[in-house]
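Structure record follows, encoded as structure tokens.
In the text below, chain A, chain B and the rest are named by the order of the sequence lines, each starting its count at 1. Side-chain atoms are counted along with the backbone in the values below, which use heavy atoms only and exclude waters and symmetry mates.
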Protein chains: 6
Amino acid sequence: MGKVVTFGEVLMCLASPGSVRLKQSKSLDIDFGGAEANVAVSLAQFGEDVSFVTRVPKNDMAELALMSLKSFGVNTHNVQWGGDRLGLYYFENGAVYRGSKVIYDRDHSAMATIEPHTVNWDEVFKDADWFHWTGITPALSASAFNVTKEALKAAKERGITISGDYNFRKNLWNWGVEAEEVMPELMNYCDIMSGIHPDVDVVKEKVSDALYAEAGQQMMDKYPNCKLVVFTSRGSVSASHNTWAGALYDGERVYRSITYNLTHIVDRVGGGDSFMAALIYALRNYETKQEAVDFATAASTL
Amino acid sequence: MGKVVTFGEVLMCLASPGSVRLKQSKSLDIDFGGAEANVAVSLAQFGEDVSFVTRVPKNDMAELALMSLKSFGVNTHNVQWGGDRLGLYYFENGAVYRGSKVIYDRDHSAMATIEPHTVNWDEVFKDADWFHWTGITPALSASAFNVTKEALKAAKERGITISGDYNFRKNLWNWGVEAEEVMPELMNYCDIMSGIHPDVDVVKEKVSDALYAEAGQQMMDKYPNCKLVVFTSRGSVSASHNTWAGALYDGERVYRSITYNLTHIVDRVGGGDSFMAALIYALRNYETKQEAVDFATAASTL
Amino acid sequence: MGKVVTFGEVLMCLASPGSVRLKQSKSLDIDFGGAEANVAVSLAQFGEDVSFVTRVPKNDMAELALMSLKSFGVNTHNVQWGGDRLGLYYFENGAVYRGSKVIYDRDHSAMATIEPHTVNWDEVFKDADWFHWTGITPALSASAFNVTKEALKAAKERGITISGDYNFRKNLWNWGVEAEEVMPELMNYCDIMSGIHPDVDVVKEKVSDALYAEAGQQMMDKYPNCKLVVFTSRGSVSASHNTWAGALYDGERVYRSITYNLTHIVDRVGGGDSFMAALIYALRNYETKQEAVDFATAASTL
Amino acid sequence: MGKVVTFGEVLMCLASPGSVRLKQSKSLDIDFGGAEANVAVSLAQFGEDVSFVTRVPKNDMAELALMSLKSFGVNTHNVQWGGDRLGLYYFENGAVYRGSKVIYDRDHSAMATIEPHTVNWDEVFKDADWFHWTGITPALSASAFNVTKEALKAAKERGITISGDYNFRKNLWNWGVEAEEVMPELMNYCDIMSGIHPDVDVVKEKVSDALYAEAGQQMMDKYPNCKLVVFTSRGSVSASHNTWAGALYDGERVYRSITYNLTHIVDRVGGGDSFMAALIYALRNYETKQEAVDFATAASTL
Amino acid sequence: MGKVVTFGEVLMCLASPGSVRLKQSKSLDIDFGGAEANVAVSLAQFGEDVSFVTRVPKNDMAELALMSLKSFGVNTHNVQWGGDRLGLYYFENGAVYRGSKVIYDRDHSAMATIEPHTVNWDEVFKDADWFHWTGITPALSASAFNVTKEALKAAKERGITISGDYNFRKNLWNWGVEAEEVMPELMNYCDIMSGIHPDVDVVKEKVSDALYAEAGQQMMDKYPNCKLVVFTSRGSVSASHNTWAGALYDGERVYRSITYNLTHIVDRVGGGDSFMAALIYALRNYETKQEAVDFATAASTL
Amino acid sequence: MGKVVTFGEVLMCLASPGSVRLKQSKSLDIDFGGAEANVAVSLAQFGEDVSFVTRVPKNDMAELALMSLKSFGVNTHNVQWGGDRLGLYYFENGAVYRGSKVIYDRDHSAMATIEPHTVNWDEVFKDADWFHWTGITPALSASAFNVTKEALKAAKERGITISGDYNFRKNLWNWGVEAEEVMPELMNYCDIMSGIHPDVDVVKEKVSDALYAEAGQQMMDKYPNCKLVVFTSRGSVSASHNTWAGALYDGERVYRSITYNLTHIVDRVGGGDSFMAALIYALRNYETKQEAVDFATAASTL
Ligand SMILES: Nc1ncnc2c1ncn2[C@@H]1O[C@H](COP(=O)(O)OP(=O)(O)O)[C@@H](O)[C@H]1O
Ligand SMILES: Nc1ncnc2c1ncn2[C@@H]1O[C@H](COP(=O)(O)OP(=O)(O)O)[C@@H](O)[C@H]1O
Ligand SMILES: Nc1ncnc2c1ncn2[C@@H]1O[C@H](COP(=O)(O)OP(=O)(O)O)[C@@H](O)[C@H]1O
Ligand SMILES: Nc1ncnc2c1ncn2[C@@H]1O[C@H](COP(=O)(O)OP(=O)(O)O)[C@@H](O)[C@H]1O
Ligand SMILES: Nc1ncnc2c1ncn2[C@@H]1O[C@H](COP(=O)(O)OP(=O)(O)O)[C@@H](O)[C@H]1O
Ligand SMILES: Nc1ncnc2c1ncn2[C@@H]1O[C@H](COP(=O)(O)OP(=O)(O)O)[C@@H](O)[C@H]1O
């Protein structure tokens with residue numbers, strides 16, 4: 001089996017310790033996130049050979065980021081050094097009646113200022129048979145959008161399986177276009193797609209199989225290359241009680257996991273990422289789609 | 001006596017704890033710096049009524065910055081809310097054969113993007129009789145330069161005493177002009193100036209009175225409004241041993257402090273700032289220039 | 001609108017970290033409390049101009065206390081320096097079957113030994129239009145009682161609105177009198193009063209409007225200056241589950257908030273304080289009493 | 001060999017971590033001190049059977065104090081429970097040009113309010129053959145003075161060897177008498193005495209044997225029961241460089257240790273205490289006075 | 001009343017802080033455990049005179065272990081110094097869907113290599129009237145088994161009451177025999193026994209009195225010296241919700257406690273130990289068996 | 001250029017924080033060491049492709065060890081999983097008159113119990129052109145000795161350059177033979193050798209070129225395969241002041257570095273390791289032996 005490549009931004013997460021508020025914090029714990037980096041880490045922990053492609057500035061904080069990725073076994077040989085700063089976000093854990101809080105500070109990051117034609121895709125995709133990306137990367141800037149397109153084209157040309165997570169966040173898109181205008185061109189490269197497109201309306205919870213099939217089919221009609229549509233469904237029972245379930249539609253039928261009850265949720269950031277990672281792993285290593293959706297849902301509750 | 005106004009950027013300092021390297025750190029201690037903010041804090045601690053003017057984004061990290069300033073008694077009523085991010089720097093303490101390390105990440109900060117004609121100088125300078133600024137602020141961006149000029153003009157019109165610290169740092173000036181081209185216009189507003197201009201050559205240590213007088217006179221010839229030239233002189237005996245001394249030239253004679261030996265220096269960042277703060281305080285509260293230079297030098301060794 | 005003045009003791013809180021027991025703790029986190037200081041901080045955070053009057057010894061711990069108050073924007077210019085020690089309490093968070101624990105060590109504090117005729121009430125009440133106090137202060141000592149009376153008289157003479165929180169704690173009163181003997185004289189200065197008097201019997205939970213009206217009217221009959229009686233009602237469903245609601249009686253009718261369910265309560269100390277602060281703020285800034293009680297109850301659940 | 005008894009106050013030490021200033025500290029590390037408790041701990045660590053007698057309030061902080069003493073093997077069975085508070089002090093480590101800082105908060109402590117005739121000296125001195133005390137205890141209050149006298153009388157009656165450390169600190173004596181008026185009565189019980197009486201003038205450093213002999217003889221003339229006079233001599237070369245030496249005079253000759261150079265002193269509090277503990281141990285377990293002074297000086301440099 | 005002796009291994013517990021995983025931890029908090037040491041600590045805290053007998057290597061970590069025991073008042077005079085290492089375990093707190101985790105590293109410990117005929121039982125059992133042991137100690141090694149037998153024989157000869165906890169853990173027994181082969185010989189020394197023998201089948205929850213009586217009687221038939229059989233019953237309602245109850249059978253009737261609901265369980269390790277300690281204390285100090293079982297169950301929920 | 005292989009034990013280092021003593025520590029910081037692992041990490045940081053071969057148990061602590069190695073870029077694919085425990089040592093930083101302290105607890109570790117014929121040397125040495133080992137590994141146990149011999153034979157057969165560090169520590173050798181009996185057989189495989197054999201007497205400091213040449217020649221006579229003898233020389237001026245220098249002898253002449261003064265040494269463990277790593281790197285990447293010894297010495301002072 002070949003290696004998996006993911007492409008995106010690695011963000012430094014500066015979190016106030018325990019349940020202290022950012023506004024009362026005296027120190028910040030360092031961690032690293034970013035949807036595609038999270039997926040790479042999870043895949044490496046499942047034992048996959050995975051390479052993460054990004055751009056980081058030549059400084060200690062970026063080295064710390066790469067050391068963290070490497071410690072989990074992610075290959076960082078194709079990371080590009082350059083740019084001025086590492087994108088970051090401040091994080092505060094929620095409690096009782098107040099939710100978690102995230103303050104992003106990642107504009108002008110090294111990844112947002114990546115230049116087209118600077119990545120050697122031959123080297124990146126050598127021995128690769130899977131490419132994963134999300135809609136967060138093209139949202140960063142026009143040039144990040146262009147480099148994402150380069151990546152998708154290069155992957156497609158090499159016959160590599162492509163999975164993409166729409167991951168729509170309205171306020172991320174501020175480089176002058178609407179997501180709806182430009183994302184379809186990128187989504188159309190995907191063999192597997194997650195994060196339902198905003199045009200396609202699915203009530204998130206208590207969805208019948210028929211509804212999933214209908215929504216999935218709409219996607220397939222719109223994106224003819226797509227062979228599998230992925231759904232995750234989170235229901236907020238209370239601030240500290242969620243339900244969690246996954247589903248797949250392959251053009252023929254719907255495969256659903258059981259619904260998990262998550263109480264005392266410590267941290268819901270990244271749930272979608274670990275689901276995608278587990279799904280990619282399972283699609284590559286299990287026999288059936290039912291096994292895949294079961295594994296992915298279970299793995300993302302841990 | 002009226003109040004003192006300082007104007008500049010407040011930076012969040014994220015420091016690895018103790019003597020841990022940034023590259024091996026798991027958490028970062030939060031502190032706040034910036035030359036003009038440091039001066040404001042020191043002055044407030046000496047008991048002066050001091051107002052700090054800056055621009056910060058509307059988020060928790062900026063609130064933390066202002067809470068820190070307020071906790072020392074600095075008035076922040078004239079701070080402007082706006083912009084996208086709080087400038088920051090990462091800091092690592094030195095040890096044995098390696099020095100301290102600073103990684104700046106403050107481009108595109110709220111202060112760098114401050115807009116001309118947005119500050120109400122009438123309100124800022126109400127009851128003020130002293131204004132302090134440094135060459136770091138005009139270095140940030142063209143608009144920061146312009147707002148600094150606004151501030152100087154407004155202060156001059158109101159007959160306020162102006163002290164300025166040239167504080168030349170070549171790599172700070174990257175908005176398209178050389179410091180030498182534009183700083184003279186600003187320096188000319190100063191009654192008191194520190195941080196010798198790069199054109200004026202002074203060997204930092206073992207300087208004779210005559211040399212200080214010559215250098216000071218050159219400044220006064222160039223900047224006819226200047227009534228007092230301030231010198232600080234740090235000699236690095238070793239990584240953990242410095243000497244420290246101050247001097248003033250008032251057009252007539254040179255006033256010098258004794259030379260201090262600083263061993264086991266924990267943190268040399270900000271020495272110049274605490275000297276300036278102590279000098280401003282002393283010029284306002286002591287009788288003679290000799291007392292002023294003695295107090296300023298002694299206070300900045302603590 | 002004028003400023004608010006609160007008067008009382010600021011206490012240093014030394015808390016064992018997380019859920020560690022005091023008896024097993026190796027370090028103590030520093031925080032600051034005290035009912036009137038808490039009210040001042042909350043009011044400052046709502047944007048009110050608020051001055052806190054107290055007495056603290058001339059040492060570093062007291063400076064830390066004032067720095068904390070100042071960081072939240074509380075004016076401490078009228079704090080009196082003197083006395084020997086800062087009152088303090090040790091605090092341990094509860095868990096499962098054991099509750100929180102507080103060990104007071106505040107006898108002989110600077111505030112308890114404040115002397116009559118040492119506070120300049122002209123300066124304290126300059127530009128003030130609201131004064132808040134609680135029954136904790138007169139409980140400290142005979143002299144603290146006398147200075148509280150001074151404050152109330154001075155406020156009344158200047159036509160300032162007075163709110164008081166009876167805040168009865170039997171074991172606090174140990175300077176030789178019973179609360180019941182001396183408090184009525186002080187309560188009689190209040191325009192608004194909270195913390196029902198022990199003589200007035202109200203079953204705390206599941207109270208009908210009629211009962212509140214009756215209890216409120218009893219207070220008004222006893223204290224003819226009183227224009228508003230404030231009730232808060234906490235019901236302990238379990239160690240980690242409380243209900244919380246507020247009510248007002250203005251001589252004509254009862255205004256009630258909805259009842260909140262608080263699960264996973266981290267820290268119930270100070271709930272009454274933040275209610276009072278929010279109520280004062282709301283009475284000053286909202287149109288109706290209904291809005292005031294709604295805001296105060298909601299704000300004190302956060 | 002019998003057990004050693006020490007009698008005095010155990011103080012909670014609340015220290016800012018590392019070299020952080022108290023005024024900037026967010027937490028305080030808990031430790032325990034007090035001259036006589038320190039001596040007890042050191043003796044227990046040398047393997048002596050030692051009982052510490054004091055009075056502490058019935059609360060968690062006092063239990064923590066006793067747990068600390070017990071962890072080092074000190075017997076606390078004769079500690080008296082009672083009083084309102086545990087005496088404490090805040091501690092800040094020094095650095096470069098600023099020294100260490102201690103803020104005492106121990107007035108009205110349980111030990112200061114100990115009552116005469118409440119200690120069962122029969123039980124305390126059962127199996128004891130040595131009693132150690134210092135001049136700090138009688139300085140606390142009139143009643144502490146009286147109980148110290150009780151202890152000395154009881155020890156003398158039982159033929160127990162008594163060692164005392166004058167430990168003069170002028171500002172400790174504030175219960176209405178001068179140390180000089182009342183200490184001689186107590187000192188006269190001592191077989192061994194340290195901490196030269198203020199009347200007896202000894203230049204601390206570079207002292208000749210003759211001078212020590214003269215000073216020692218003066219003491220012996222004044223206190224006829226005294227059989228051994230103990231001298232420690234600390235010379236401050238710089239803030240981080242001290243010399244340290246000890247000497248004994250037994251009425252016949254002077255025994256001196258070598259002089260140690262202590263660089264990078266972390267913490268000089270307690271040096272005198274660990275000297276006394278080591279001396280008591282050595283006098284009980286070594287053959288000669290020369291060995292004793294050598295051991296005590298060496299042990300107190302570690 | 002005489003003293004209680006317990007005999008077993010003290011283990012260093014190295015726990016990741018808070019709810020951090022071991023695999024992501026940067027530091028480990030030090031604590032100490034071991035069933036018999038836990039029982040000793042609890043008994044000492046109830047005020048019993050208790051001596052703990054074990055074997056530890058001559059190093060700082062073992063001294064730390066003994067200091068911890070001593071701080072709670074446990075007598076460690078009969079601890080034997082020797083062997084190469086202190087047994088330890090790594091501990092991780094559980095959260096949501098994942099349980100707590102323990103990694104043992106205690107093979108070849110000082111206690112496992114204790115030699116027969118090296119303990120002075122005369123000294124150990126001087127003034128003792130109670131001996132407590134558990135099945136964990138004989139599981140460690142053949143020599144630990146033999147020394148346990150020595151201890152039991154010595155206690156029996158001196159007429160000391162013996163309580164034992166079967167504490168069966170299959171994977172602990174790896175020195176070449178099955179527990180069932182050798183434990184009966186040891187259990188037969190017990191007057192009081194807990195931790196039902198694997199042969200005796202008792203459904204843990206919802207047990208009727210009759211069933212307890214039957215199981216207890218089976219034990220008594222098998223071990224004729226036994227006068228009291230102890231049962232504890234934990235029911236796992238969910239990962240964070242347990243029920244907890246205790247029962248005794250004395251050959252005549254069953255005494256049962258009420259059933260406690262334990263929610264938000266922080267740490268269930270050691271529940272059985274604190275039950276046994278409280279039971280021993282209660283059997284020695286209360287009048288009736290009903291009081292004993294009530295006290296033991298209640299005390300072990302705190 | 002090919003990859004470098006190192007073979008040995010990775011040890012978990014559990015260090016008391018800052019300058020706290022182990023005997024007073026409440027937590028331990030986790031780090032990882034071991035001479036060969038240190039060399040691998042340093043080489044990876046210089047940019048070499050390096051694979052570390054060892055044996056670790058299948059548990060979280062071992063995973064943490066490998067994550068640490070991977071974070072620095074060391075390849076751990078050839079690590080063998082097995083055995084019962086990860087070797088560890090406790091570490092305490094020294095201060096003033098007391099030195100650093102190390103307590104080893106690594107007997108019976110996974111590495112000490114590695115079995116002959118279980119490593120696939122073909123895979124290990126694929127693409128390798130350098131092998132580094134030290135005398136610490138064969139000291140662990142007879143089987144570790146045998147596997148080291150296997151490794152050396154396999155490397156020699158493949159024409160790989162071999163560097164070895166004698167690293168003699170008498171108390172490490174306790175599996176039944178003396179180092180002198182068995183080490184020569186292993187040393188004889190080396191092309192480059194460091195850590196002078198105990199038979200060869202070299203006064204460590206102030207050594208003339210002639211002496212180095214003589215000692216080097218003695219080694220070469222004894223071990224005919226050796227082409228380069230490496231010397232490091234540390235002189236202890238005081239507890240916090242060392243000198244440090246390196247030298248090479250290649251059979252023809254001596255190459256010496258300058259002598260460095262190291263003051264305020266924080267941590268001298270591993271100095272020899274970082275010298276060897278830097279030397280291997282320099283011999284592979286620089287032109288001359290003089291450059292190599294200069295680089296190695298300079299790099300190991302940082
Ligand atoms: N600029 C960015 N680049 C990459 N990932 C990002 C970025 N901003 C936020 N994220 C990631 O978005 C993810 C949150 O989304 P997700 O896991 O799908 O949860 P949810 O289902 O709640 O949306 C996190 O992994 C976070 O790290
Ligand atoms: N963008 C900035 N705005 C304000 N101050 C800054 C900025 N960047 C660096 N500084 C300040 O520069 C100061 C360092 O200069 P100074 O105290 O004069 O020491 P030195 O004499 O070593 O130059 C610090 O106060 C630091 O906070
Ligand atoms: N001496 C004191 N001076 C001021 N406030 C005190 C004093 N002692 C206790 N307090 C305060 O009492 C308050 C607790 O009361 P409150 O908030 O009304 O809660 P509750 O409703 O549970 O009584 C806290 O704010 C605490 O800081
Ligand atoms: N109230 C007190 N009771 C007991 N000891 C005290 C008290 N106040 C201060 N100390 C002790 O005084 C000692 C400091 O004196 P010492 O060790 O003799 O050093 P020095 O030689 O510098 O005077 C410390 O042990 C400190 O704990
Ligand atoms: N080698 C050992 N020696 C002594 N005690 C041990 C050993 N290994 C585990 N333990 C102890 O086992 C106990 C856990 O058992 P217990 O308290 O009976 O709880 P449970 O009822 O869940 O089994 C803990 O006290 C732990 O410290
Ligand atoms: N069992 C072991 N396996 C590998 N390395 C070890 C072992 N025991 C100690 N060490 C290592 O020995 C080294 C110390 O030696 P070195 O760096 O040569 O310094 P020095 O010159 O002072 O001897 C450290 O790297 C330490 O990690």
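- Salt-bridge check for R21(D) with D60(C): failed, with every basic side-chain N at 4.0 Å or more from each acidic carboxylate O.
- In this structure, the side chains of L88(D) and D105(C) come closer than 4.5 Å at one or more pairs of heavy atoms.
- For I103(C), the part sitting under 4.5 Å from any heavy atom of chain D is the side chain, from C-beta outward, and nothing else.
- In this structure, the separation between OG on S27(C) and CG on D31(D) is 12.0 Å, given to the nearest 0.5 Å.
- Both the backbone and the side chain of K23(C) have a heavy atom closer than 4.5 Å to some heavy atom of chain D.
- Note that CG of L64(C) and OH of Y90(D) are 10.0 Å apart. Values are rounded to the nearest 0.5 Å.
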Given side-chain contact (heavy atoms from CB on, under 4.5 Å), test L28(C) with M61(D) step by step and report yes or no. CA-CA 11 Å; L28(C) 297 168; M61(D) 308 326 286; 4.2 Å; yes
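- Ranked by heavy-atom pairs under 4.5 Å with chain C, the first of L86(D), L22(D), I30(D) is I30(D).
- No side-chain heavy atom of D29(C) sits under 4.5 Å from any side-chain heavy atom of K26(D).
- Rounding to the nearest 0.5 Å places CD of E63(D) at 10.5 Å from CD of Q24(C).
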